[in-house]
Participant: 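Encoded as C-alpha cells, here's the structure I'll be asking about.
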Amino acid sequence: MDWGTELWDQFEVLERHTQWGLDLLDRYVKFVKERTEVEQAYAKQLRSLVKKYLPKRPAKDDPESKFSQQQSFVRILQEVNDFAGQRELVAENLSVRVCLELAKYSQEMKHERKTHFQEGRRAQQQLESGFKQLENSKRKFERDCREAEKAAQTAERLDQDINATKADVEKAKQQAHLRSHMAEESKNEYAAQLQRFNRDQAHFYFSQMPQIFDKLQDMDERRATHLGAGYGLLSEAELQVVPIIAKCLEGMKVAADAVDAKNDSQVLIELHKSGFARPGDVEFEDFSQPMNRVPSDSSLGTPSDGRPELRGPGRSRAKRWPFSKKNKTVVTEDFSHLPPEQQRKRLQQQLEERSRELQKEVDQREALKKMKDVYEKTPQMGDPASLEPRITETLNNIERLKLEVQKYEAWLAEAESRVLSNRGDSLGRHTRPPDPPASAPPDSSNSNNSRSQDNKESSEEPLSEEGQDAPIYTEFDEDFEEEPASPIGHCVAIYHFEGSSEGTISMAEGEDLSLMEEDKGDGWTRVRRKQGGEGYVPTSYLRVTLN
C-alpha cells in the first residue's frame, strides 16, 4: 500500500497532510522548549530556596552545626540542591537532543517537501500544457474538416451549374482539393498530438506522480518516526536522572534517620554547661532583733568582714544567681568572663589552634633548612642568604607560639582545677538534685565575671564554705536612682510567654519590646515592655533586630 497507487488523484490531500505533519513537529519542539524553561525555572527556584535556608556562618563558627538536627537539615538542603542540578540536566538534555535536533530536522523536512511538491506541480503543468496543445490540434482538425467539406460542396454545385464558367469550376475544385489536403494534415497532426499526450499522461499517472507521492510518503514516515523518537527522548531524559534523584531522596531519608535526640541533648550540655556548683540552702536572717543579730557566715547580704550591713528602703541586696541583673561583659584573654566549663572549652580550643600553628611553623622551618642546605650544595639553584629572613621570621613565630601555648596551658590547668573543685562542692552539698524550677530562668554568665577574677586572686587561700558559694551567689547594689539603660535594639514576640519565675517577664504574641541585652548563650534575652517592666524571656520566642 503506497500513496502513488492508492492516492494517485489526491495531490491536494497529500499537500495538506504533509503540512500538518510538519506543523505537529514544530508544535512538539515548542512544547519541549517551554518544558525546558519550566525545568530551568524550577531548578533556579530550588537553588534560591536552598541558599536562603543554608547557614550563613561557617560550620566551625556555628555552634548549632554540632546538633544532629542541624546537620540533617543541612544534608537535606544539599540533597535538594543536587535534585535541582538533576532538573537542570533534564532541561539541558531536552534542549539539545529534542529542541535543537528536531528543529533542524524540521527545516530539512520542509525543504524536502517543498522540492517534491515543486516537482509535482511542474509535472502537472507539463501535462496541462500537452492537453492544451491536443485541444488546439483537435479544434484545428475539426475546423479544417468543416472548411474542406464546404469547399467540396461549393465545387460540386458549380460543376452542376450550367451558367458557371469552366474557370470557376476549376478554381472551386482546386480550392476543395486544397482544403481536403489541409484537413488531412490537421488529422495527422491531431493524431500525433493525441498519441504524444496519451504517452505523457500515462507517464504522469503511472510513473512520474507515483514516484513523487512515494517520496512524499517516505518523507512523512521518516518525519513520524523521528517525531516518535523525540517523544521517547522526553521520558528518556527523565529516566536518566531517576537513579540520581533516587539517591537524593535516599540521602534525605538517611538525614532524617540521623537525627539523634539523646546526642543533641548531650551536645547542648557540652556546649553550654557552666561548670558552676549548684547553690546551697539560703540561711535565715533574723531581722526581729536588728541590734543584737549575729550575722551568719553563710547568709546572703553579709559582708566578708562579719559586720552586719544596714539596708535602706531604696536598695535591694542578696540577689540569687542566675536571676541577678547582668552586668556588661568585659572580654578577657583567658576567657575568665565565661563560666568555668565554657572557659575550659575555649581555652582548650585556643590551645589546639596554637599547637597546630606551632607545628606548621616547625615544619616550615625544617623545609627552609633543607632548602638552604640544597642551595649551599648547589649554588646555581639559589642563594642561601635569601632564605635567612624567612628562617628568622619562622624562628620568631615559633618562640611566640611556644609562649602562647605555655600561657594557655597554665590557664587551662587553672580552669580545669576550678571545674573539678566546683563539681566536688556540688556533690558535697547535695545528696539529691534539687527540683527544677517551673520555667528555666536565664543563665547569667556575665555576673560571674568579677567572681572569676576574685577566684584567680585568692586561689592560693583555702576556700571556706562562703568562698565556695561565691561563684553561685552575687551580691551587688541595685540603685533605683540611676538612669535606665538605653535599648540596643527592638524585638517582636513570636509566641505568648507567661513569666512566672523570678527575673522573667510576661509578653503577648506580636507584642513589640525593647531589646536591653542580647542572649549570652543561655537561651534568654532581657527586654523591656513599652508599658513598663523589664525582665528575661526565651530568645527562641523573639524576632530580634539590633540597632
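Note that the numbering runs from 1 along the sequence shown for the chain.
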Participant: Quick one: are Met507 and Leu513 in side-chain contact, heavy atoms under 4.5 Å?
Facilitator: yes

Participant: So, Glu534 and Arg529, do they make that salt bridge, N to O below 4.0 Å?
Facilitator: no

Participant: Quick one, Glu409 and Leu347 - any side-chain contact, counting heavy atoms below 4.5 Å?
Facilitator: no

Participant: Do Leu387 and Met371 come within less than 4.5 Å of each other through their side chains, counting heavy atoms only?
Facilitator: yes

Participant: Restricting to side-chain contact (heavy atoms from CB on, under 4.5 Å), what partner residues turn up for Glu393, sequence neighbours left out?
Facilitator: Asn397

Participant: Just jot down the ring-ring contact (aromatic ring centres under 6.0 Å, His included) partners of Tyr495, sequence neighbours excluded, or say none.
Facilitator: Tyr541

Participant: Step by step, would you call Glu88 with Lys44 a salt bridge (charged side-chain N to carboxylate O under 4.0 Å, His left out)?
Facilitator: CA-CA 9 Å; Glu88 290 175 341; Lys44 182 178 180 181; over 6 Å; no

Participant: Provide the closest heavy-atom pair for Arg35 versus Leu234 in the form atom of the first, atom of the second, distance.
Facilitator: NH1-CD1, 3.7 Å

Participant: Got a sec, which residues hit side-chain contact (heavy atoms from CB on, under 4.5 Å) with Glu388, two or more places apart in sequence or on another chain?
Facilitator: Lys372

Participant: Do Gln359 and Asp363 have side-chain N/O donor and acceptor atoms under 3.5 Å apart?
Facilitator: yes

Participant: If every non-hydrogen atom of Lys66 is compared with every non-hydrogen atom of Gln71, which pair is closest and at what distance?
Facilitator: O-NE2, 3.5 Å

Participant: Specify the closest pair of heavy atoms between Gly499 and Ser506, including all atoms of both residues, with the distance to one decimal.
Facilitator: N-OG, 2.9 Å

Participant: Residues in ring-ring contact (aromatic ring centres under 6.0 Å, His included) with Tyr231, at least two apart?
Facilitator: Tyr28

Participant: Within this structure, what is the SG-CZ distance for the pair Cys491 and Arg543, rounded to the nearest 0.5 Å?
Facilitator: 10.0 Å

Participant: Can we say Lys33 and Glu37 salt-bridge, meaning some charged N sits less than 4.0 Å from an Asp/Glu carboxylate O?
Facilitator: no

Participant: I need the Glu366 CD to Ile391 CD1 distance, nearest 0.5 Å.
Facilitator: 10.5 Å

Participant: Rounded at 0.5 Å granularity, tell me how far CH2 in Trp411 sits from CZ in Phe335.
Facilitator: 8.5 Å

Participant: Could you grab the distance from atom NZ of Lys402 to atom OG of Ser355, nearest 0.5 Å is fine?
Facilitator: 12.0 Å

Participant: Side chains of residues 240-258: which donor-acceptor pairs under 3.5 Å do they make with residues two or more places apart or in other chains?
Facilitator:
{"from": "Gln240", "atom 1": "OE1", "to": "Asn93", "atom 2": "ND2", "distance (Å)": "3.2"}
{"from": "Lys253", "atom 1": "NZ", "to": "Asp257", "atom 2": "OD1", "distance (Å)": "3.3"}
{"from": "Lys253", "atom 1": "NZ", "to": "Asp257", "atom 2": "OD2", "distance (Å)": "2.9"}

Participant: Quick test of your reading of the model: are Glu333 and Lys407 salt-bridged, counting only N-O distances below 4.0 Å?
Facilitator: yes

Participant: Who pairs with Glu64 by side chain to side chain donor-acceptor pair (under 3.5 Å), at least two apart in sequence or on another chain?
Facilitator: none

Participant: Hey, does Val492 have a side-chain heavy atom less than 4.5 Å from the side chain of Leu542?
Facilitator: no

Participant: Looking at side-chain heavy atoms only, is the closest gap between Leu401 and Glu361 below 4.5 Å?
Facilitator: yes

Participant: With a 4.5 Å heavy-atom cut-off, do Leu24 and Leu227 have their side chains touching?
Facilitator: yes

Participant: Taking atom CZ of Arg400 as the centre, report whether more than 12 heavy atoms of other residues, nucleotides or ligands fall under 6.0 Å from it.
Facilitator: yes

Participant: Could you tell me if Gln350 and Arg346 have a donor-acceptor pair between their side chains, going purely by distance under 3.5 Å?
Facilitator: no

Participant: Say you draw a straight line from CG of Asp519 to OH of Tyr536; how long is it, rounded to the nearest 0.5 Å?
Facilitator: 10.5 Å

Participant: Tell me, please, which residues at least two apart from Leu233 pass side-chain contact (heavy atoms from CB on, under 4.5 Å).
Facilitator: Arg97, Val98, Glu236

Participant: If you take all heavy atoms of Gly230 and Leu102, which pair is closest and at what distance?
Facilitator: CA-CD1, 4.2 Å

Participant: List in chain and number order the residues that pass side-chain contact (heavy atoms from CB on, under 4.5 Å) with Gln406, two or more places apart in sequence or in another chain; answer none if no residue qualifies.
Facilitator: Leu403

Participant: Side chain to side chain donor-acceptor pair (under 3.5 Å) with Gln531: which residues, sequence neighbours excluded?
Facilitator: none

Participant: Take Ile505 and Val537 through the side chain to side chain contact (heavy atoms under 4.5 Å, CB included) test and state the conclusion after the steps.
Facilitator: CA-CA 6 Å; Ile505 189 172; Val537 295; 3.5 Å; yes

Participant: Can you list the steps and then say if Ile76 with Glu79 is a side chain to side chain contact (heavy atoms under 4.5 Å, CB included)?
Facilitator: CA-CA 5 Å; Ile76 289 175; Glu79 296 294 349; 5.6 Å; no

Participant: Checking side chain to side chain contact (heavy atoms under 4.5 Å, CB included) for the pair Tyr375/Asp383: CA distance, chi angles, key distance, verdict?
Facilitator: CA-CA 6 Å; Tyr375 285 179; Asp383 184 10; 5.8 Å; no

Participant: Can you find a heavy atom in the side chain of Ser514 that is under 4.5 Å from one in the side chain of Val527?
Facilitator: no

Participant: For side chain to side chain contact (heavy atoms under 4.5 Å, CB included), just list the numbers for Leu358 and Ile398, CA-CA rounded to whole Å, side-chain angles, deciding distance to a tenth of an Å, and then say yes or no.
Facilitator: CA-CA 6 Å; Leu358 177 59; Ile398 291 175; 3.8 Å; yes

Participant: Drop me the distance from Thr392's OG1 to Arg365's CZ, to the nearest 0.5 angstrom.
Facilitator: 10.5 Å

Participant: Among all residues two or more places apart in sequence or in another chain, which pass the side chain to side chain donor-acceptor pair (under 3.5 Å) test with Lys30?
Facilitator: none

Participant: Excluding sequence neighbours, so at least two apart, what forms side chain to side chain donor-acceptor pair (under 3.5 Å) with Glu376?
Facilitator: none

Participant: Does any pair with a residue in residues 258-269 pass side chain to side chain donor-acceptor pair (under 3.5 Å), and if so which ones, sequence neighbours excluded?
Facilitator: Ser68-Asp264, Gln69-Asp264, Gln266-Glu270

Participant: Do Thr525 and Glu518 touch side chain to side chain, with heavy atoms closer than 4.5 Å?
Facilitator: no

